[in-house]
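First the structure, in the form of structure tokens, and then the observations on it.
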Protein chains: 2
Amino acid sequence: MNVLSDRLVNLFGALAVGITDRIKKAAFDPTIPGGGETTAAIVVIGHATGLSIDELGRVLGLSHAGTVRLVDRLVAAGFAVRSKALRDRRAVALMLTEAGETRLSAILQRRNETLSEILSHVSNADRLVLERIAETILAQMSDDAVSALTICRLCDERRCYNCPMDAFGMLESSTHRVDP
Amino acid sequence: MNVLSDRLVNLFGALAVGITDRIKKAAFDPTIPGGGETTAAIVVIGHATGLSIDELGRVLGLSHAGTVRLVDRLVAAGFAVRSKALRDRRAVALMLTEAGETRLSAILQRRNETLSEILSHVSNADRLVLERIAETILAQMSDDAVSALTICRLCDERRCYNCPMDAFGMLESSTHRVDP
DNA sequence: GCGTGATATATGCGCTGCGCATACACTATG
DNA sequence: CATAGTGTATGCGCAGCGCATATATCACGC
């Protein structure tokens, strides 16, 4: 067993909590109805376009009913649509509207700005180590596409070249994103 | 301006979100009534013993009324008590009961185990760098005791030797913790 | 000492988001 | 074509929170 200092454990935990607070605060959009994970829902739908309500609920850790209401709010606000799934006529294929895509871009931009500002105080050499550490830990924190998407539910995955979470595959119902 | 890769931004953000999820899941105690930040309240009261409801509310980011109800739940469950503040007879000095201390220990232990397991996959050399990075970032993320406590609201501060957040001082109403 | 504004706490009220139970539609398998 | 399984939707009630307000105490000026 390695020597693992209590101090590192605490600093690392505090860092995660503090950074997450900042991310959520930055990503929060008051024009999107509903608090909690509603903002994350837009990111997830944008990334895994065509996913079902059931899958979205598992990614966000919500009950089925809660997810239906969340989607109701998103649809009512004009940010997402329920379209017909290709394979399964029971299922719904969720996708963003133009307005939803606009919100998504704004969310991701604010998130990226916040994180960039924070990371700007870390030296170039340390950034390389940090990237390796993050990659190592992330790779062992997920089992499947759902848990990977849960962790990445506020990520700008289009700008995550060689994302380690791609190894966990995609959701059943989501269509492949076509790169612009 | 330094070169800051989009990939690092995303991995770092995903890491923070994923770790925070794990921490909150580990810290969550079903025997404590009320979700949300109720668990964190026990940690905060344990650390800043004697703090007022107003201060607790600012640390947790809740309204005054919400904090009063949170404390109501904690008191009803027997985990905390409202005692009389020394200086100000309007204010309440919050402190944990024996049962509350027991819960606190269990919460912190589960948190520490979770984080230790995650960090066990990081090499010793990288841990040194990670500790330095965390220290650097944390030091510039706080302004005062309230924001420092917010970030540390799930920390085991008794095991955080030379904690960088100590630089931001203590809350007005909290009495100094006496080391055992 | 006394009045005035600020501060700390407590409570009535209503809203929102969520989960549970249930109903319905479609699929899959025999 | 019957039966079990899966995906979605909805009635219902609850828990947590914020807003507005009331009460007690403090701080300060006169």
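Here is the naming used below: chain letters follow the sequence lines, and residue numbers restart at 1 for every chain. Keep in mind that what you see is a predicted model, and the values were worked out from it rather than measured.
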query: Does A/I32 belong to the same Ile/Leu/Val/Met/Phe/Trp/Tyr cluster as A/M95, with side-chain heavy atoms less than 4.5 Å apart forming each link?
result: no
- request: Report which part of the nucleic acid A/R69 touches: base, sugar-phosphate, or nothing (heavy-atom distance under 4.0 Å, all strands).
  value: base
- request: Check the distance between D/dC26's P and B/L86's CG and give it to me in whole angstrom.
  value: 12 Å
- line: Contacted region of DNA chain C by chain B, from 5' end to 3' end of the hits, cut-off under 4.0 Å to heavy atoms, spans C/dA6 to C/dC13
- prompt: What residues, two or more places apart in sequence or in another chain, satisfy salt bridge (charged side-chain N to carboxylate O under 4.0 Å, His left out) together with B/D6?
  reply: none
- request: Mind calculating the distance between CG (B/L56) and P (D/dG16) to the nearest angstrom?
  value: 15 Å
Joint hydrophobic cluster, A/V59 plus A/I107, side-chain heavy atoms closer than 4.5 Å: yes
field: Expected output: side-chain B/S116 to main-chain B/E113 donor-acceptor under 3.5 Å
entry: no
- line: A/R22 and A/T114 have their tightest heavy-atom pair at CB-CG2, 4.0 Å
query: Do you know which of A/R111, A/E157, A/R159 makes side-chain hydrogen bond (donor to acceptor under 3.5 Å, both in side chains) with B/N10?
result: A/R111
message: Check this for me, if you would: do B/D156 and A/R7 make a salt bridge, where the nitrogen-to-carboxylate-oxygen distance has to be below 4.0 angstrom?
response: no
Same apolar cluster: B/F79 and B/V81, side chain cutoff 4.5 Å: no
- prompt: Separation of B/E37 atom CD from D/dG18 atom C1', in whole Å?
  reply: 16 Å
Which protein N or O atoms sit under 3.5 Å from an N or O of nucleotides 3-8 of chain D?
unit_1 : atom_1 : unit_2 : atom_2 : d
D/dG5  : N2     : A/R90  : NH1    : 2.7
D/dT6  : O2     : A/R90  : NH1    : 2.1
D/dT8  : OP1    : A/I53  : N      : 3.3
D/dT8  : OP1    : A/V92  : N      : 2.8
D/dT8  : OP2    : A/I53  : N      : 3.4
D/dT8  : OP2    : A/D54  : N      : 2.7

